[in-house]
Amino acid sequence: MMRQKTEIDLGALVDIISNVAGMMILMACIAVVVRSKTMDSEAPATAPRKPISYPMSYISEKRSLTLCMKYDRLYELPEKEALTEISERAAKGTPVQWIQLHRNGVEAIVETTPTLTGFRFSYILYPEGGLSLADKGEVADAMRGIMRRYPPDQFFYDIHTWPDCFSAFRDLRQFIQERGGEVGWNPHADDREVDVSYSVREYNEDMSTIKAQ
Amino acid sequence: MPFLSIMLGLMSVMALVTLHTAIQERQRLAEKQVGVELTGVPVGFVPHEMRCKAAGVEWRDLKGVGQFTPYGALQPLFIELLRGEQPGGEAGRLIDYLKACVLANRQLSFDNKQNTVILWIEPDGLATSRVISHIVNSYGWPLRVGMLPVGTNELIHYDATKD
């Protein structure tokens, strides 16, 4: 009985090798493209540049107005309303330990500090509140209104900003600065139970580190 | 054999498509990229700009050479600080740079100048910026630290002539 002799097709082997080599070259090209993208960390000297003004290099002596930018929305915090309510209750002789308010998608909790010298403000922002940042004209109108109520010669604008609003914050910062306002900001990274919390007339540790805002 | 040839052919097509997509994505990003530049620097301030990313911090040493300190390299630093040891490695270089900025301030003050640090913070780089602030705070250095937001697609124009 004759054994059938198996023949190897060398043409197919050449196909395999050339295909593999071709794919390796393509992969190398992809790696070069991706690599060259990640290395471009600096702008070429001739590229158009957007001017970003230097951060505030001093602690403003003006009263601060706190605003928030989150969920692509601009929030005005009801600090004034809360203080008015505390003041009214205190005038009636009622001891005020804390109050809670809901205004325009912002929940505010104001407590008297243990030192009795000031107040602790806590705010929770809701996505359905505030003003959408999508309509820049509307935001500009709202900001003009805020600056009329809180004039830039008396107030400094402190804006708590979340990463989704970094770009919009810079536009708003420029808008305020062009109208003679001073702007500071507090970047926030993550979702916490309370979005913004600060005290009036209590030592603020952050101020010792961030000497410019 | 025909099956193998078909498979290899398909893989080649996939590789070509991937390459095309990568090139397109690069072009798209290149089109969207914009440069940003720090302006309105107060008289006498010498800004040292750092870019805080989720992966770490990009900075330039006093010779203007680009450096990168990974976020992960910053954690051992605080352990070394607790032990009272001199920080080494990548974090040590960053510490030396910040220290040099602080020490240079003494000389600069005679010319009414001072080094300041500007942290450009990418949307996901806040944790890194906080570490830098904590380093300055931990050492109690008299060094101003300012913060500005920067997009991931934005390229910072550094002024090489600032010093």
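Keep in mind that the numbers below use all heavy atoms, side chains included, and drop hydrogens, waters and symmetry copies.
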query: Between A:S167, A:P187, A:C165, which has the largest tally of heavy atom pairs under 4.5 Å with chain B?
result: A:P187

- request: State, with a plain yes or no, whether a side-chain heavy atom of B:E37 is found less than 4.5 Å away from one of A:P51.
  value: no

- request: Verify side-chain contact (heavy atoms from CB on, under 4.5 Å) between A:K50 and B:V36, making sure each step is shown before the conclusion.
  value: CA-CA 4 Å; A:K50 186 177 181 182; B:V36 292; 4.2 Å; yes

message: Does A:R149, at its CZ atom, have more than 12 non-hydrogen atoms belonging to other residues, nucleotides or ligands within less than 6.0 Å?
response: yes

message: Main chain of B:M147, side chain of A:W185: is a donor-acceptor contact present, judged purely on distance under 3.5 Å?
response: yes

query: Rounded to the nearest 0.5 Å, how far apart are CD1 of B:I118 and OH of A:Y54?
result: 3.5 Å

query: So what's closer than 4.5 Å to chain A heavy atoms on B:L38: side chain, backbone, both or neither?
result: both

message: With a sphere of 6.0 Å drawn around NZ of B:K113, does it hold more than 12 non-hydrogen atoms of other residues, nucleotides or ligands?
response: no

Approximate separation, where rounding is to 0.5 Å, of B:L126 CG and A:T161 OG1: 10.5 Å

task: Enter the distance from B:L148:CG to A:S53:OG here, rounded to the nearest 0.5 Å.
output: 7.5 Å

query: Would you call B:E154 and A:R49 a salt bridge, using N to O less than 4.0 angstrom?
result: no

query: Which heavy atom in B:G146 sits nearest to a heavy atom in A:P55, and how many Å separate them?
result: CA-CG, 4.1 Å

query: Is it the case that more than 12 heavy atoms not belonging to B:Q107 sit under 6.0 Å from its CD atom?
result: no

message: Check this for me: A:E193, atom CD, are more than 12 non-hydrogen atoms of other residues, nucleotides or ligands nearer than 6.0 Å?
response: no

message: Can you confirm whether A:H102 is buried at NE2, in the sense that more than 12 heavy atoms of other residues, nucleotides or ligands lie under 6.0 Å from that atom?
response: yes

- prompt: Taking all atoms of both residues into account, what is the closest heavy-atom pair of B:P123 and A:F166, and its distance?
  reply: CA-CE2, 3.7 Å

query: Does CZ in A:F175 sit with more than 12 non-hydrogen atoms of other residues, nucleotides or ligands closer than 6.0 Å?
result: yes

